[in-house]
Amino acid sequence: MAEKTSTKPARKLSSPVKNGYLILYNAVSAILWLTVLGRIVAINVARGPTLAYPAVGEFCKWTQTLAGMEVLHSLFGIVRAPFFTTFMQVFSRYAIVWGITDLFPALGASPAYSSMLVAWSVTEVIRYSYFALTLSGWQPSALHWLRYHAFFVLYPLGISSEAWLIWRAVEPARQAVHPIYSTTLWAYVLFVYPPSAFILYSHMMTQRRKVLKASNTKATQ
């Protein structure tokens, strides 16, 4: 699924070490996802979507795996992101990169794989850049606007692409892995994915309302 949860610092005064670490983490993550975006766009322009996975699949898998740190950040209170939504977001991405495309790389030839990576990478470049700059004391208005508006397009694109890839993996999973795994994927995309997507989308809408309300209040003061 699209959009991950916030990596904002705690409300208490952040230590220089923690603040520096979070700036570094977000900056590195932004660069990695910008690389994913550049590769997926370049290969689609040059050769089409059929060679997308060989061009970027392995790099994207490990870039996404790094995001597991965000579960630990939330768990240990390094950031004030809610643990449940953070875990749910990271788990859904892990399910794709480790449980779908890594096992069935042929699915990477689907246009849905490319559209998913575009949605993921644009979302993450915006998100990580926003947090890195905000933690550094600078918040460009254009990036702030993108952070709380771009998900209206990127979420549906990412979620629908993910769901399509999982659905397409049901039959290969039956043949190459085990019928139980195939059934699990089928149940996941039909019964778990829709409510999970709703929860994550609702979380982002809530965050957006809070930020816009705070901005409007500040503007009227």
Side-chain angles (χ1 to χ4, degrees), residues 1-4 28-71 87-128 150-151 153-198 200-201:
M1 297 182 199
E3 178 68 10
K4 288 199 184 91
V28 169
S29 296
I31 293 170
L32 291 174
W33 280 107
L34 184 60
T35 303
V36 173
L37 178 60
R39 287 189 178 186
I40 196 64
V41 170
I43 194 63
N44 272 269
V45 170
R47 306 291 296 275
T50 56
L51 295 178
Y53 189 81
V56 71
E58 194 72 9
F59 186 88
C60 178
K61 180 179 72 175
W62 291 109
T63 297
Q64 180 55 51
T65 299
L66 177 64
M69 292 296 296
E70 296 181 24
V71 176
F87 174 81
M88 190 164 54
Q89 177 66 43
V90 172
F91 175 80
S92 68
R93 294 275 189 92
Y94 273 27
I96 296 291
V97 298
W98 286 100
I100 301 297
T101 56
D102 190 58
L103 293 178
F104 315 110
L107 293 176
S110 169
Y113 180 71
S114 292
S115 62
M116 178 187 74
L117 292 196
V118 168
W120 284 10
S121 55
V122 172
T123 297
E124 301 299 38
V125 168
I126 293 171
R127 185 173 72 95
Y128 285 121
F151 75 94
V153 174
L154 298 174
Y155 263 44
L157 177 62
I159 290 171
S160 59
S161 299
E162 294 168 28
W164 176 254
L165 290 174
I166 297 172
W167 182 256
R168 294 289 295 174
V170 169
E171 190 56 35
R174 184 185 309 278
Q175 299 173 0
V177 183
H178 195 279
I180 293 178
Y181 187 54
S182 176
T183 302
T184 300
L185 292 179
W186 179 84
Y188 181 62
V189 75
L190 287 182
F191 301 115
V192 177
Y193 223 71
S196 298
F198 176 77
L200 292 171
Y201 194 86

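Heavy-atom basis, side chains included; hydrogens, waters and symmetry copies ignored.
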Inset, instruction - Step by step, work out the side-chain contact (heavy atoms from CB on, under 4.5 Å) result for V97 and T63. - result: CA-CA 10 Å; V97 298; T63 297; over 6 Å; no
Legend entry - Test log, rule side-chain contact (heavy atoms from CB on, under 4.5 Å), inputs S110 and Y53: CA-CA 9 Å; S110 169; Y53 189 81; over 6 Å; no
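Under the 4.5 Å side-chain criterion, counting only non-hydrogen atoms from C-beta, Y128 is not in contact with L32. Here the side chains of F104 and V177 are in contact, with some heavy-atom distance below 4.5 Å.
Scanning for side-chain contact (heavy atoms from CB on, under 4.5 Å) contacts around V125 gives W33, L34, S129, with sequence neighbours left out. Qualifying salt bridge (Lys or Arg N to Asp or Glu O under 4.0 Å) partners for R174, counting only residues two or more places apart in sequence or in other chains: E171.
In this structure, F191 has its ring center under 6.0 Å from that of W186.
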Pair up each side-chain donor or acceptor in residues 37-47 with any protein partner under 3.5 Å, not counting sequence neighbours, and list the distances.
unit_1, atom_1, unit_2, atom_2, d
N44, OD1, S114, OG, 3.4
N44, ND2, I40, O, 2.8
N44, ND2, S114, OG, 3.0

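Look at R93 and E124 and you find a salt bridge, because one of the NZ, NE, NH1 or NH2 atoms lies within 4.0 Å of a carboxylate O, short of that distance.
Ring geometry for F91 against F87 counts as parallel: the plane angle stays under 30°, on a 0 to 90° scale with 60° as the upper cut.
In the model, W120 has no side-chain atom that pairs as donor or acceptor with a side-chain atom of S161 under 3.5 Å.
Of all non-hydrogen atoms in A67 and V90, the two that sit nearest each other are O-CG2, 3.7 Å.
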